[in-house]
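The next block holds one structure in the form of structure tokens; read it before the comments.
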Protein chains: 2
Amino acid sequence: MKKITSQQQRVLDCIQIYLKKTGFPPTRADICKELGFKSPNSAETHLRALEKKGFISIESGTSRGISVNNQNNSFGGDEYPVIGLVAAGSPTLAEENIERTINCPKSFFESGFDYFLKVRGLSMKDAGIMEDDLIAVKKTTDVKNGDIVIARLDDEVTVKFFNRKSSNIVELEPANEDFENIIINLENEQLHIEGKSVGLLRKN
Amino acid sequence: MKKITSQQQRVLDCIQIYLKKTGFPPTRADICKELGFKSPNSAETHLRALEKKGFISIESGTSRGISVNNQNNSFGGDEYPVIGLVAAGSPTLAEENIERTINCPKSFFESGFDYFLKVRGLSMKDAGIMEDDLIAVKKTTDVKNGDIVIARLDDEVTVKFFNRKSSNIVELEPANEDFENIIINLENEQLHIEGKSVGLLRKN
DNA sequence: AAAAATACTGAATATATGTACAGTATAATA
DNA sequence: TATTATACTGTACATATATTCAGTATTTTT
């Protein structure tokens, strides 16, 4: 997906807001009215650019024949980013790390959450967390023993049970006997808690 | 809401299917084409009737200006019932079986779904399905080998992998070595497929 | 039994709408 | 430096589309 310009983003937003409000897509004239353009061709060229970049589809010769190419375009809740569990670096919300977004209500997971993390590997399989599952992550450092945490050790990001053994010793425990516990002495090593799991989403 | 006639229901269905497929509502001519009418006025009168009865709204003078009046749009998505996995009886959508409802977008699970089923027991734990997880169930009898199905044997409802061994023999396979496969001879026993799992939701 | 609603065909028309063509200007890219 | 993409105004026109009018027939409601 090529990058979108700010004006093209305005047009795309306009289409989605219009759709949400009326239930059908806008005409070129509608877009002009909303965004203050004075020629229908202004909207037309933006639409062509958005189509070329893959953001929308246009049915030729069809009135209001615009459809937004977003698989989950329900609008109404919020868009939450899905972040791949990158081996190196923290799962930031930088655009290059966002695989896609999922629309769901704010209150979907009781305590609220910030993003979805796509799971790699089976180190938490006995906790029912499988490959490609999406963990709903709440960004917080306030974690208790037994919480499933998203932790970063150096540049490695992992999902594990959290266990504080003493003020300096933290144990990261997998839920799979094929994996070993990770014991961290906070005096020697840096442990960064990105957040904790507050839910899980799986699509078959 | 006044009662709808069968032909009006066909027109309403047509609008919704067209919307889902194209992303924008149909014209009168589109409806005629889909339903075999020969005059655009056939569609027009049905639309007027549907509007009068409150099922749709029509924006006058506007091409494709049809919007479906979805009563339960508490925010974009729909309310989906959560049904407890009752030991006896089928997980019907009768009110007494509905524990609560969850609001989420229609397209949340790729192929669409009908309700959430709350899981009891750990018979599918190696498939990452844990106690109290919510399985997104799509009501269908069209299941393939390897699908996770919601099956009813007599009055017992279970979630298992589906495996058709021969035209008369079906195997229901758990994902937990502590449980045994269930082998059903369709000549002797009744097997009812309630639907299949299309996703999973867990709240910590 | 009369009136209203349902369920169509068929033709006609005003207008809503997509879209092409002719310009102007600036920023980004090769 | 030339070229392409972006970002517009403005005019024009073919056609896509809503909508009205004139009928016919059956069913439902009053």
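All heavy atoms count here, side chains included; hydrogens, waters and symmetry mates do not.
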Practice item. Sort and list the pairs that fulfil side chain to side chain donor-acceptor pair (under 3.5 Å) and have at least one residue in residues 32-42 of chain B, not counting sequence neighbours. Key: none

Practice item. Assign each of B:Arg10 and A:Gly61 to its nearest nucleotide of DNA chain C by heavy atoms, then name whichever residue's nucleotide is nearer the 5' end. Key: B:Arg10

Separation of [N] [atom2] from [X] [atom1] (nearest whole Å):
X: B:Leu35; N: C:dA7; atom1: CG; atom2: P; answer: 12 Å
X: B:Arg28; N: C:dT15; atom1: CZ; atom2: C1'; answer: 14 Å
X: A:Gln7; N: C:dT26; atom1: CD; atom2: P; answer: 16 Å

Review point. Any side-chain heavy atom of B:Glu189 sitting closer than 4.5 Å to one from B:Ile182?
Key: no

Check your understanding: Side chains of A:Val157 and A:Arg120: closer than 4.5 Å at any heavy-atom pair?
Key -> no

Check your understanding: Where are the stems of DNA chain D, defined as at least 3 consecutive Watson-Crick or wobble G-U pairs with both distances under 3.5 Å?
Key -> C:1-30 with D:1-30

Review point. Any side-chain N or O of B:Lys53 less than 4.0 Å from the OP1 or OP2 oxygen of C:dT6?
Key: yes

Point to revise | Phosphate OP1/OP2 of C:dT6: any B:Thr5 side-chain N/O under 4.0 Å | key: no

Where the side chain of [X] meets the backbone of [Y], is there a donor-acceptor pair that is under 3.5 Å apart?
X: A:Arg28; Y: A:Ile31; answer: no
X: A:Asn163; Y: A:Glu171; answer: no
X: B:Asp147; Y: B:Val149; answer: no
X: B:Arg164; Y: B:Ser167; answer: yes

Revision key, fill the gap. Those residues at least two apart in sequence (or on a different chain) that pass salt bridge (Lys or Arg N to Asp or Glu O under 4.0 Å) with B:Glu173 are none

Review point. When you measure from every atom of DNA chain D, which of residues 36-51 of chain B have a heavy atom less than 4.0 Å away?
Key: B:Pro40, B:Asn41, B:Glu44, B:Arg48

Point to revise | chain A contact limits on DNA chain D, taken 5' to 3' with a cut-off of 4.0 angstrom to heavy atoms | key: D:dA5 to D:dT17

Check your understanding: Side chains of A:Asp13 and A:Gln9: donor-acceptor distance under 3.5 Å anywhere?
Key -> yes

Using a 3.5 Å cut-off and no angle test, enumerate the donor-acceptor pairs between side-chain atoms of residues 54-66 of chain A and protein atoms at least two apart in sequence or in another chain.
{"from": "A:Ser57", "atom 1": "OG", "to": "A:Asn69", "atom 2": "OD1", "distance (Å)": "2.9"}
{"from": "A:Ser57", "atom 1": "OG", "to": "A:Asn69", "atom 2": "ND2", "distance (Å)": "3.2"}
{"from": "A:Thr62", "atom 1": "OG1", "to": "A:Ser60", "atom 2": "O", "distance (Å)": "3.4"}
{"from": "A:Ser63", "atom 1": "OG", "to": "B:Ser63", "atom 2": "OG", "distance (Å)": "3.0"}
{"from": "A:Ser63", "atom 1": "OG", "to": "B:Arg64", "atom 2": "NE", "distance (Å)": "3.3"}
{"from": "A:Arg64", "atom 1": "NE", "to": "B:Ser63", "atom 2": "O", "distance (Å)": "2.7"}
{"from": "A:Arg64", "atom 1": "NE", "to": "B:Ser63", "atom 2": "OG", "distance (Å)": "3.2"}
{"from": "A:Arg64", "atom 1": "NH1", "to": "A:Tyr18", "atom 2": "OH", "distance (Å)": "3.4"}
{"from": "A:Arg64", "atom 1": "NH1", "to": "A:Pro25", "atom 2": "O", "distance (Å)": "3.0"}
{"from": "A:Arg64", "atom 1": "NH1", "to": "A:Asp30", "atom 2": "OD2", "distance (Å)": "3.2"}

Practice item. Begin with the C-alpha distance, continue with both residues' side-chain angles, and end with the deciding distance and a verdict on side chain to side chain contact (heavy atoms under 4.5 Å, CB included) for B:Val119 and B:Ile135. Key: CA-CA 7 Å; B:Val119 173; B:Ile135 293 178; 3.5 Å; yes

